[in-house]
Amino acid sequence: MASAAPSAPTVPPTTSAASEEVRETAAWTVAVRVLCDLTARAGDLDLRFTPSPTATEGIEGHQRVAAGRGPGYETEIALEARVEGLRVRGRADGFDPVRGRLEEIKTHRGDLGRQPAHHRHLHQAQLECYGAMFCADRGLDRIRLALVYLDIGTGTETLIEEEREATELQAAFEARCQAFMAWARQEAAHRQARDAALAPLGFPHPSFREGQHALAAAVWRAASQGRPLLAQAPTGIGKTLATLYPLLKAAPGQQLAQVFFLTARTPGRQLALDALTTLRRSGAKPLRVLELTAREKACEHPDKACHGQSCPLAHGFYDRLGGARAAALAAGDMAAPALRALAREHQVCPYWLAQDLMRWADVVVGDYNHFFDVSAGLHALAQEAEGRCAVLVDEAHNLPDRARQMYSASLHEDRWRGLKHVATGPLRRPVLGLLRAWRDLLKEGKRQDEDGDEAQAGRGHAGMGREPGLVRQRDKDARLADQRPAQDYRVLDAPPDALLKALALCSAALADALEGDGATPSPHAAQLQEAWFEALALLRLSERFGSHSCYDLQIEGAGSRLHSVLTLRNLLPAPHLEPRWQAAHSAVLFSATLGPERFIRDQLGLPKDAAWVDLPSPFRAEQLQVRLVPQVSTRWTDRARSVAPIAILIARQWRERPGNYLAFFSSFDYLMQVAERLASEAPDIPQWQQSRRMDEGERRAFIDRFTPGGQGVGFAVLGGAFGEGIDLPGDRLVGAFIATLGLPQVNPVNEQLRQCLQQAFGQGFEDAYLVPGLRKVVQAAGRVIRTPEDRGVVYLIDDRFCRPDVRALLPPWWAPEVWRLPAAG
Ligand code: SF4
């Protein structure tokens with residue numbers, strides 16, 4: 001039940017205070033960067049000269065320039081100006097009082113001569129704005145302005161300098177503000193209309209479902225108090241609407257600029273878009289709703305590159321962007337299909353159009369990575385908006401694992417060895433240098449292993465681990481888990497500095513090589529680019545290395561194709577996520593399987609004042625027969641023995657109550673063994689199986705076989721595409737067999753995770769194995785009962801389901817009974 005939040009409040013109606021706040025938003029505030037973005041960009045989209053310095057390199061570059069300027073040099077000068085109703089804000093990079101020079105510092109790599117003209121125009125426009133604001137602030141008549149380009153690779157500074165009159169700068173600044181003013185007025189009017197529609201918005205259905213109102217009220221409270229909320233709310237209560245509705249209703253009062261709805265999977269995104277369509281139809285008509293998709297999905301020319309000489313939709317992109325933007329915002333519906341059609345009409349790239357629209361949409365529906373990724377665009381917007389964005393995280397139990405992936409990066413030795421054959425000219429030396437550093441790292445590892453072997457003599461050794469005991473080290477609970485053979489793996493004692501240094505040189509050389517490609521890219525451009533992206537990802541994350549992560553080396557492949565992979569592996573995402581929560585006004589994380597509360601708080605680094613609400617299920621124990629089958633062990637070593645009893649159990653249940661069933665296993669091999677056995681035991685029972693790498697159409701076909709009144713067994717892998725996020729109400733699904741605890745495989749990587757979580761929170765096995773495993777089980781079982789009318793059965797097949805610590809992780813409304821396995825024959 002609810003703990004931190006008071007019970008049964010109502011979602012407040014419209015207030016006059018809200019209307020007053022609506023009026024206050026009429027003055028528009030804009031950052032210098034955005035002002036210039038909208039008024040100074042023209043010509044082609046061109047990503048070839050995208051500056052490649054990392055965030056730290058950028059900061060260090062600014063510091064390097066400042067350090068070279070001598071005493072009295074001012075940095076990060078906050079400036080603000082008002083032109084009619086427009087408030088313009090920004091920070092000038094530096095002022096050199098000795099030379100009387102205001103500077104705009106840009107870091108870059110490679111030949112500045114290849115910089116597209118529109119980049120230079122944009123930088124110049126920004127500098128002129130700061131120049132005008134600075135002169136007004138300090139009462140100056142004239143000033144020297146300098147664009148300072150610092151090449152991170154060579155340390156070379158290029159200055160483009162001029163002296164300007166304050167009156168001239170002010171006139172240009174006011175003209176720019178005037179050019180923006182029509183847009184600002186339109187935006188202010190939109191915000192007013194939007195908030196006027198949202199404040200009195202009624203719930204779009206005649207009544208709330210059971211539990212739905214309680215969740216909506218908790219979200220409202222969290223938004224009103226400006227704090228995060230963790231909401232464990234059962235399936236079937238309509239969580240999407242229960243979170244979107246109160247948050248949007250709270251937007252006017254809290255002066256929220258934007259709401260981000262983030263999902264782990266595509267189906268969740270569609271549910272959000274459907275809910276938003278419902279809300280728009282029932283009063284929130286002005287709401288602008290944007291769907292973000294991945295570049296691969298949105299791209300109209302996958303065989304081309306994002307610059308005007310390659311892609312027709314990049315050519316003249318900025319000249320047509322304004323029209324496309326205005327049309328998209330006027331329409332309001334910016335879901336992917338609508339946006340693609342509109343982009344075609346205006347001949348602009350749909351992906352980059354959506355990226356531009358992010359700033360102007362009221363609700364953005366996207367993937368987790370759009371907000372949580374290292375350089376996520378929505379996070380940057382939230383920071384800019386200074387706490388006026390709110391975040392909804394759907395199926396938030398997926399966030400710890402997804403965040404771990406986002407904050408991890410790998411470098412593949414075979415990829416870089418492959419470059420040896422194509423790296424020519426200035427690229428050759430850095431690539432050879434990297435391969436040398438790599439060899440040294442492997443040699444050092446081998447030497448340490450040998451030392452370790454001697455030290456560990458008599459204790460056995462698995463793989464090439466620095467700490468052999470790590471692989472064998474099992475606490476009492478770990479015996480629960482499914483142990484598989486270890487792979488070659490070692491955790492590095494310290495960051496591989498020499499290799500990272502060599503990688504930075506490679507990255508710079510690759511950036512130069514790729515920039516030099518121009519209109520006639522080398523035949524190896526794709527190969528170079530992949531390597532460059534890999535280098536950038538690792539270098540960026542290396543800047544954030546800490547006790548939450550480790551560097552490890554793994555040996556992959558077989559025979560002559562053996563190669564090593566260096567990974568910066570995040571083990572605990574909390575430190576990376578903390579700034580994300582700080583950037584948001586409020587964040588609501590919801591899921592049917594979010595808990596245990598301690599676990600999710602620890603993993604995600606939520607602030608102490610984050611509220612927790614656990615809503616009871618609207619379903620009753622009589623609706624779902626939960627049968628524990630302790631006579632079978634599904635451990636890897638017992639697997640062969642388990643195949644026949646499971647097939648017999650499925651056949652018996654199906655004959656007792658013919659209908660549609662799902663059967664979940666830990667692997668495709670296991671799944672196939674049982675499916676084949678069932679086919680030979682009961683050839684009359686229709687069955688279909690999940691296979692590796694199913695595309696969207698195949699996944700849809702798998703689900704479509706669960707027709708109302710249908711009969712058969714669908715075989716799937718637990719934790720895969722069919723274990724959560726699918727809705728099969730009524731008799732589309734009458735039961736499930738779950739022949740695994742879903743525990744992650746015991747391997748050195750997971751053991752490293754366990755060790756880290758043990759050190760951090762003292763519950764390593766629970767956090768690394770038990771909780772994630774059982775969560776998958778509960779999610780899969782949750783497919784059976786979707787409405788208060790549904791009835792079904794779930795078999796939990798394994799003796800470990802009877803353990804008290806495992807049963808404690810099952811939903812409290814379940815009433816499991818121990819089931820006797822039918823005798824064979
Ligand atoms: S259509 Fe594809 S290639 Fe062209 S600009 Fe867009 S994303 Fe790049």
Side-chain angles (χ1 to χ4, degrees), residues 37-38 40-52 110 114-122 266 269 290-329 331 333-361 364-367 369-371 373-378 380-381 510-511 513-534 536-537 695-696:
D37 236 28
L38 257 87
R41 274 203 195 269
D44 292 357
L45 174 86
D46 191 341
L47 296 187
R48 284 172 299 179
F49 196 81
T50 304
S52 57
R114 295 200 196 99
Q115 185 186 40
H118 73 92
H119 280 206
R120 182 71 54 81
H121 289 154
L122 187 65
T266 314
R269 207 182 305 167
L290 172 69
E291 180 186 5
L292 292 179
T293 50
R295 185 155 135 193
E296 314 83 69
K297 281 196 178 163
C299 178
E300 295 277 16
H301 296 284
D303 56 328
K304 300 196 165 41
C306 299
H307 60 83
Q309 287 163 296
S310 172
C311 177
L313 299 182
H315 181 62
F317 174 84
Y318 289 109
D319 302 333
R320 298 186 295 277
L321 176 62
R325 181 196 293 131
L329 296 181
D333 170 15
M334 295 177 277
L339 205 61
R340 177 169 286 238
L342 188 138
R344 274 195 192 137
E345 205 178 301
H346 289 261
Q347 280 300 294
V348 293
C349 165
Y351 175 76
W352 293 107
L353 173 62
Q355 293 294 303
D356 178 88
L357 290 168
M358 253 175 10
R359 178 181 297 283
W360 311 107
V364 182
V365 179
D367 185 271
N369 64 13
H370 290 119
F371 184 74
D373 208 7
V374 179
S375 48
L378 292 182
L381 279 184
L510 278 166
L514 287 163
E515 283 161 24
D517 272 351
T520 51
S522 91
H524 307 296
Q527 197 180 348
L528 298 180
Q529 197 171 56
E530 276 176 12
W532 185 45
F533 287 161
E534 198 174 83
L536 281 180
D695 62 27
E696 233 165 286

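Atoms within each ligand, like the ligands themselves, are counted from 1 in listed order.
- A donor-acceptor pair under 3.5 Å is formed between the side chain of Glu291 and the backbone N or O of Ala336.
- Considering only residues two or more places apart in sequence or on other chains, Tyr318 meets the ring pair (Phe, Tyr, Trp, His ring centres under 6.0 Å) condition with His118.
- Not counting sequence neighbours, the partners of Asp356 by the side-chain hydrogen bond (donor to acceptor under 3.5 Å, both in side chains) test are Arg325.
- A donor-acceptor contact under 3.5 angstrom links the side chains of Gln115 and Arg120, judged on distance only.
- The number of protein N/O/S atoms found under 2.8 Å from atom 8 (Fe) of ligand 1 is 1.
- Taking 4.5 Å as the limit, every side-chain heavy atom of Gln309 sits out of range of all side-chain heavy atoms of His315.
- By the ring pair (Phe, Tyr, Trp, His ring centres under 6.0 Å) test, Phe371 is found to be paired with His379, residues two or more places apart in sequence or in another chain being considered.
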